[in-house]
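Shown next, in structure tokens, is the structure this report addresses.
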Amino acid sequence: MSRVGLMVTCLNDVLFPDTGRAVVTLLRRLGVDVEFPAAQTCCGQPMVNTGYLDDAVPLVRNHLDAFAGCDAIVVPSGSCAGSVRHQHGLVAERSGDPGLGRAVAGAPPVYELTEYLVDVLGVTDVGAYFPHRVTYHPTCHSLRMLGVGDRPTRLLRAVRGLTLLDLPGAAECCGFGGTFAVKNSETSIAMGNDKARHVRSTGAEVLVAGDNSCLMHVGGLLSRQRSGMRVMHLAEVLASTEPVIESRAERSADGAGPGSGTARTLGAAR
Amino acid sequence: MSGTFLGTPAFPTAARTALEDSQLRRNLAHATGTIRAKRAGVVSEVDDWEQLRLAGEAIKDRVLRHLPDYLEQLERSLVAAGATVHWARDAAEANRIVVDVAQRHGTDEVVKVKSMATQEIELNEALAAAGIHAWETDLAELIVQLGDDLPSHILVPAIHRNRAEIREIFLREMGRAGRAAPDDLTDEPARLAAAARTHLREKFLRAKVAVSGANFAVAETGTLTVVESEGNGRMCLTLPEVLVSVVGIEKVLPTFQDLDVMLQLLPRSSTGERMNPYTSTWTGVTPGDGPQEVHVVLLDNGRTDVLADPTGRQALRCIRCSACLNVCPVYERTGGHAYGSVYPGPIGAILTPQLRGVGTDAQTDSLPYASSLCGACFEVCPVRIDIPEVLVHLRGEVVRAHQRASRVPSVQDMAMKAASWTLSSAARTGAAEKVAGLGGRLAGRLGRTAPGGRAVLGALPGPASPWADSRDVPVPAAESFRSWWERTDGGRSRSDNTDGGRSDGPADPAPGAEGGR
Ligand code: SF4
């Protein structure tokens, strides 16, 4: 049996652990026994994008070691998948170590979550249930660096109960861009505010994307504007399932009360 | 406006000024939005567009690989056709050559075809210093020149101006430079164009010397090409007795067949047209027809330095179509002046630092960072310049240059070192996360709860403030994914608790328990 390693990404690990847990739930439901190589940390993108390519070398090495035993790597982030696929080679080249270059070239293939679901597992209906109005932001790195195309929206359209609303100017950058958000914060915020305006114009309840970094940026603006809109990682939507009776009873017994459908759904998903 | 980009503040500062100008932002959003849609429309009509792009890339790469050979061939062809060829290492040399030609013909004015190369070397200023007026004849360049302004776009230098502003400039300034605008001038495009036409006509008819650039130079025949939309270029190229063309050395193409590919790629990418209205070609001197003295100045001005960089040299493939400017979300919001250079937008952000050299001034070094790396520029570039790749590469060069120049590491250097040390080991990362989780729990009490139950922080002091000025900050989760996996064996053990990864918020938020970041 092939070994599939979950690369949870540093941002998800610290700020959005629920996304990683949703991927575990989702993949197990689809029959993939995903592993979490504990030696993993960060793909090195923060260093590379700031121009510290030399400081990314130990991180690239660590990534290679951590996932050495895997046949495939799955990551719930277009940006980090793009970083591993396109930037590790750049880092290796600049390091002047031909051994590192060979190791990067021989590393297990990295799949962004939707690529793995659609291309490797061959599913678009993952059996999810999410009865909400949703709009989807395709994030630049998923869209352009990886070219995930319509895989995410095909997955979303197969979710029962979900209404997918078109996002105007969807392909435009939200303005996050890693350190760009701090180094050029005014421009970043101007871009993000336009994105947030488009998101609000859809009338959706939830903004969904495959990258928590972009969601953190747009969500941070939406939250500051007290818009009442939620942002969720695609994996969490896909992990949601219809409520089951036992689960509801359990939660009621916990004193959690009848709550909304989604909360129960997410509870049941775990 | 001083008429020069020298002394422009670094990008973030210049961008702030632009962002505060709501009229400018409206003008830019409207103009770039319109041309973006037009380009997308005409590009989608071409089935083999990707093939064309690959062909364009291959032609330009071949040129760059054998640049000296093609340049010598071009020189031979030009000389055989009766042109005089000059080689200019830098702006000063190129300007001296043009000034000399004008002075030899005893003229105190030249007409100009819109040209980025002459902008780059600041030829107009050099001519002015020699007492020679240079009249821009492209409509948008005319607006910029009359307004004592700087161009802010490669193709539409006056993109930052709207019709009302243009009318005012014409009324105020035309009389001082020649034929005045009619008193009853309105801001209708047709009326504005008519005023410009009358104003320019007398200049075309009077000028003895014209100056142009070239979009392409075909080595096998010595043919130079200019593509344009208004016909003013053709007037300059045919009426005066003397023509001086300043041509960047990367503009050479091996054959006419290569020109064929470029003339398909350029108009659709540039103006969103299937074909540009005027394509002028000239090959040396044709006795009795057009200029009887033709000079070609082959300009280096930093280009061989760019060529020496294996990653950066792809910038020399650029055919100046400006498609990357029109799709760039940063350009759309800041405009071209913020880049502080003749070449604005994404291509400016990679070309300018390479031509000037990084590590010399803060403004230049800020340009590779003036991008969110969204990749829209690469996607539209007709010659497939991987602008994000070059941006990242140049950021690396900026960091290296600073580290070489200073023995004391910067705050950023130390932060990156520390992050690299922590993040290259899972044990160190886990330990740091425990502290963050603790901090998160504390911070969560100080923050507020966003929709969805997530604790967020408001405005923050210190280095985090640029983030938190307008965006809420999520506090670190109480338990990282890593320690959840460890504690529960990846959720397989019974000790799992569904709220373990959640920060201090209401236990059962709705809908989208993880939302509200
Ligand atoms: S970089 Fe590409 S898209 Fe930008 S101006 Fe040059 S050719 Fe056009």
Side-chain angles (χ1 to χ4, degrees), chain A residues 8 10 12-15 17-18 20-21 24 36 38-42 47-53 55 58-59 62 132 140 144-145 172-173 175 177 180-187 189-191 205-206 215-217 219-221 223-224 228 230-232 236 256 259-260 262-263 266-267 270, chain B residues 11-12 15-16 19 329-330 333-334 369-376 379 392 395-396 398-399 416-417 419-420 423-426 429 433 436 450-452 456 466-467 469-474 476-477 479-482 484-485 490-491 498 501-502 507-517:
Chain A
V8 93
C10 56
N12 286 334
D13 187 19
V14 181
L15 291 176
D18 290 325
R21 295 164 63 164
V24 173
F36 175 72
Q40 66 177 286
T41 54
C42 161
M47 285 87 198
V48 176
N49 285 6
T50 318
Y52 288 79
L53 282 88
D55 290 309
L59 278 70
N62 185 73
H132 296 285
C140 299
R144 301 196 183 89
M145 217 199 283
E172 267 171 49
C173 180
F180 177 78
V182 177
K183 279 186 184 290
N184 283 285
S185 63
E186 279 98 346
T187 311
I189 288 163
M191 288 159 70
E205 297 159 79
V206 188
L215 287 177
M216 182 174 72
H217 168 64
L221 290 164
S223 154
R224 181 66 60 89
R230 283 90 200 213
V231 299
M232 267 176 96
E236 290 161 33
S260 84
T262 316
L266 284 170
R270 294 212 169 90
Chain B
F11 187 85
R16 190 173 309 137
L19 286 163
V330 175
R333 284 160 184 94
T334 64
Y369 293 93
S371 165
S372 65
L373 303 177
C374 79
E379 192 176 54
V392 167
R395 290 177 188 186
V398 169
V399 167
M416 286 294 164
K417 272 266 167 310
S420 173
L423 289 171
S424 54
S425 134
T429 301
E433 282 171 6
V456 293
W467 177 277
D469 278 350
S470 310
R471 289 164 285 214
D472 278 343
V473 183
E479 184 180 41
S480 70
F481 180 87
R482 181 186 307 279
W484 169 79
W485 182 281
T498 35
R502 217 171 269 163
D508 200 3
E514 279 68 37
R517 277 148 194 168

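Throughout, a chain's letter reflects where its sequence line sits, starting with A, and its residues are numbered from 1.
Between R21(A) atom CZ and E479(B) atom CD the span is 7.0 Å, to the nearest 0.5 Å. A distance of 11.5 Å separates CG in N12(A) from OG in S480(B), rounded to the nearest 0.5 Å.
Between the side chain of Y369(B) and the main chain of T50(A), a donor-acceptor pair closer than 3.5 Å is present. Panel note: side chain R224(A), backbone R471(B); a donor-acceptor pair is recorded below 3.5 Å. For R482(B) (side chain) and Q40(A) (main-chain N/O), a donor-acceptor pair under 3.5 Å exists by modelled atom type.
Scanning both residues, L221(A) and S470(B), for their nearest heavy atoms gives CD2-O, 3.3 Å.
The contact between L19(B) and chain A is made entirely by side chain atoms (from C-beta outward), counting heavy-atom distances below 4.5 Å. The parts of A181(A) that come within reach of chain B are both its backbone and its side chain, each placing non-hydrogen atoms under 4.5 angstrom from that chain. Proximity to chain A is limited to the side chain of T429(B), based on heavy atoms less than 4.5 angstrom apart. Heavy atoms closer than 4.5 Å to chain B are found in the side chain of E172(A), but not in its backbone. If you measure heavy-atom distances from V392(B) to chain A, the contacts under 4.5 Å come from both the backbone and the side chain. Using a 4.5 Å cut-off between heavy atoms, M145(A) does not touch chain B at all.
For the set S185(A), C10(A), G175(A), the entry with the most heavy-atom pairs within less than 4.5 Å of chain B is S185(A). Note: S372(B) leads P12(B), A426(B), A15(B), S372(B) in heavy-atom pairs under 4.5 Å with chain A. Contact tally against chain B (heavy-atom pairs below 4.5 Å) for N49(A), L53(A), V48(A): the top residue is N49(A). With respect to chain B, the highest number of heavy-atom pairs below 4.5 Å among N62(A), T41(A), D13(A) belongs to D13(A).
At most 12 non-hydrogen atoms from other residues, nucleotides or ligands lie less than 6.0 angstrom from NZ of K417(B).
Inspection of the D55(A) and S420(B) side chains reveals no N or O donor paired with an N or O acceptor under 3.5 Å.
Scored by the side chain to side chain contact (heavy atoms under 4.5 Å, CB included) test, V24(A) finds L6(A), R28(A), V34(A), F481(B), W485(B) as partners (sequence neighbours excluded). Considering only residues two or more places apart in sequence or on other chains, F180(A) meets the ring pair (Phe, Tyr, Trp, His ring centres under 6.0 Å) condition with none of them.
Side-chain contact between M216(A) and P474(B) is present, with heavy atoms from C-beta onward closer than 4.5 Å.
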